[in-house]
Amino acid sequence: MRSLLLLPVLFALAFSHSHDKSLDWWETTIFYQIYPRSFKDSDGDGIGDLNGITSSLEYLKELGVGATWLSPIFKSPMYDFGYDIADFYAIQEEYGTMEDFENLMAKAKELDIKIVLDFVPNHTSNESVWFEEALRGHEKYYDYFIWEDGVVDENGVMHPPNNWVSVFRKSAWEYREEVGKYYFHQFVIGQPDLNYRNPAVVEEMKNIIRFWLDKGVAGFRVDAIAHLFEVDKADFGGKLPDEPLSGRTDDPDSYDYLTHIYTTDLDETLDMVYQWREVFDEYKEKDGLTRVMMTEAYSSPQMTMRYFGEGERKGAQMPFNFVLISDVNGESSAAEIKYALDKFLTFKPIDEHANWVAGNHDNNRVASRFSPELVDGINMIIMLMPGIAVTYMGEEIGMVDGYVSWEDTVDPSGCNTDDPINYWMASRDPERTPFQWNAEKNAGFSTADKTWLPVAADYENLNVAVQRESENTHLNVYKFLADLRTEKVFRYGRYESVAFNEGVFAFRRWYQRKAYIVVVNFRNEPYTIDLTYFEGVNRSVKVVVSSIQSPKTSRDVLSANKVEIVGNESLVLKVV
Ligand code: GLC
Ligand code: MG
């Protein structure tokens with residue numbers, strides 16, 4: 001009798017005694033992106049700040065998040081809201097002081113939340129001491145930047161050195177009288193590109209990494225990495241060559257006008273990423289903590305994978321996977337979703353992890369790009385697909401793009417359109433509106449009379465406080481998913497996906513004897529699907545969590561061969 005009772009236990013032991021690799025902190029955590037300017041304002045000036053973040057860290061804990069990456073907090077004139085850094089070693093005053101930063105680090109440590117900072121290596125601010133010294137003719141700093149002579153035409157008029165265009169429109173060259181030359185800027189005029197062919201720049205930037213690692217940060221998100229190097233003019237007879245026309249638009253001011261073969265994705269850029277990883281690893285050598293690098297490049301999958309490393313050389317642990325931003329949206333069919341999601345998994349090196357990014361401060365929100373009904377479905381995907389989850393603040397409650405009038409628009413990408421009608425298509429302000437904490441003034445973000453960007457209109461009904469209070473909310477779905485993904489099946493389990501029809505995308509995760517199926521209906525139409533398509537699914541499946549508009553509730557048991565899915569419904573099902 002006794003031995004019979006023991007049998008299942010032994011059976012379970014035999015199965016669990018597998019070769020589960022022990023996983024490092026970054027391999028299992030959720031990275032939550034905070035845009036500091038819009039998260040929480042502690043001093044009532046209408047601008048989010050470090051003390052605001054410190055006082056809100058418990059919220060991250062509540063979500064089940066173990067790490068946060070912060071958009072830039074460094075000294076900046078804010079032409080590109082902190083991505084134009086005037087002093088890489090100092091905190092922007094309106095965000096706080098170095099002491100505030102240290103308090104943030106201490107509080108994060110207490111809560112076991114890792115802090116990752118934004119490293120912006122491609123450019124500085126034109127108000128940095130480096131650039132100002134360069135203008136004064138200080139040779140050391142002159143060589144920190146990229147200077148070229150203009151081209152004078154037959155009428156004696158001077159033009160930029162070549163046809164290169166800024167990501168934010170118009171020529172990427174700006175003339176400076178003091179120097180009598182043009183400097184190169186891939187982004188706004190206030191963001192002169194650094195010259196990485198100068199070893200002094202390379203060393204300086206490594207020192208910046210060391211400075212913040214010494215302060216205890218757990219890694220960096222690396223900004224705009226594809227743009228780091230431009231071709232060497234020595235290889236082109238001493239003159240930087242024009243880029244070829246793309247044929248995609250006739251607007252010569254548009255970044256899309258050219259194919260960027262000389263200014264993006266160069267081999268030298270990858271080498272620099274590998275050099276930075278060596279710096280990260282020196283720190284790991286010392287204290288055992290892995291410093292994580294995430295790289296931002298909207299590149300081809302082949303190129304993206306090179307950021308992981310090549311041969312013996314290691315690079316980023318997380319080259320961002322942007323398929324959910326660049327490849328699909330609410331119009332996409334289930335097949336297109338499957339095709340996009342399989343991409344990273346198909347191309348990635350076998351020993352590396354995928355990562356899933358559905359939003360950030362540069363792209364419209366999930367509720368706006370897909371639909372408010374698909375918020376839970378997208379969260380199910382980023383949290384339960386194999387790999388690392390990344391969430392942009394507010395996506396856990398389904399925040400919607402805010403309306404920002406032309407008058408209130410501050411993002412250079414919007415302003416540079418000079419177009420009071422269509423600016424909103426280029427502006428990134430809508431996804432940067434203040435975080436919605438509660439139904440009070442300014443959504444609880446700030447006590448100021450005017451916040452730096454207006455609060456989105458629907459905040460009284462869409463905020464953390466409201467979603468904490470009732471059971472059936474995006475926030476609770478998110479927390480449930482954060483908890484669910486700690487199960488072994490989501491850490492180690494295999495993956496298989498299918499598009500059942502035009503609307504329904506589904507995937508199975510399984511490990512040992514456990515299996516789950518995630519179903520997301522991308523169309524606002526009902527379908528009946530047969531889940532016995534999946535191996536191991538025979539009679540029934542049990543609902544563990546469903547999207548908030550779903551008529552199903554958790555613990556509902558469904559006949560697997562005939563599951564009725566309503567429009568835009570998303571489900572996590574356990575195979576029973
Ligand atoms: C990255 C940032 C973006 C910034 C740009 C220039 O794409 O995410 O916000 O404008 O780099 O630094
Ligand atoms: Mg403030």
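All of these numbers come straight from a predicted model, not from anything done at the bench. Counting starts at 1 for both ligands and their atoms, in listed order.
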Between the side chains of Tyr423 and Asp411, does any donor sit under 3.5 Å from an acceptor? no

Is it the case that the side chains of Thr391 and Glu396 hold a donor-acceptor pair, with the cut-off being a distance below 3.5 Å and no angle test? no

With a 4.0 Å cut-off on heavy atoms, does [X] reach ligand 1?
{"X": "Phe168", "value": "yes"}
{"X": "His185", "value": "no"}
{"X": "His227", "value": "no"}

Is it true that a side-chain atom of [X] and a backbone atom of [Y] form a donor plus acceptor pair closer than 3.5 Å?
{"X": "Gln467", "Y": "Ile397", "result": "yes"}
{"X": "Gln191", "Y": "Tyr83", "result": "yes"}
{"X": "Ser246", "Y": "Tyr257", "result": "yes"}

Option nearest atom 12 (O) of ligand 1 (shortest heavy-atom distance, choices Asn363, Asp223, Asp362): Asp223

Atom indices of ligand 1 within 4.0 angstrom of [X] heavy atoms, with elements:
{"X": "Arg428", "result": "3 (C), 4 (C), 9 (O), 10 (O)"}
{"X": "Ala224", "result": "11 (O)"}
{"X": "His123", "result": "6 (C), 12 (O)"}
{"X": "His361", "result": "2 (C), 3 (C), 8 (O), 9 (O)"}
{"X": "Arg221", "result": "2 (C), 8 (O)"}

At a cut-off of 2.8 Å, list the protein N/O/S atoms near the Mg ion (ligand 2), residue plus atom name. Asp41 OD1, Asp43 OD1, Asp45 OD1, Ile47 O, Asp49 OD2

Partner of [X] under ring-ring contact (aromatic ring centres under 6.0 Å, His included), chosen from [options]:
{"X": "Phe119", "options": "Trp276, Phe211, Phe280", "result": "Trp276"}
{"X": "Tyr183", "options": "Phe131, Tyr141, Phe145, Trp164", "result": "Phe131"}
{"X": "Phe435", "options": "Tyr392, Tyr32, Phe39", "result": "Phe39"}

For ligand 1, is any non-hydrogen atom under 4.0 Å from Gln186's backbone (N, CA, C, O), its side chain (CB onward), both, or neither? neither

Does ligand 1 have a heavy atom under 4.0 Å from the side chain of Arg432, from its backbone, from both, or from neither? side chain

Can a salt bridge be assigned to the pair Lys61 and Glu58 using a cut-off of 4.0 Å between side-chain N and carboxylate O? no

Partner set under salt bridge (charged side-chain N to carboxylate O under 4.0 Å, His left out) for Lys441, not counting sequence neighbours: Asp449

From CD1 (Ile382) to CG (Asn379), nearest 0.5 Å: 5.0 Å

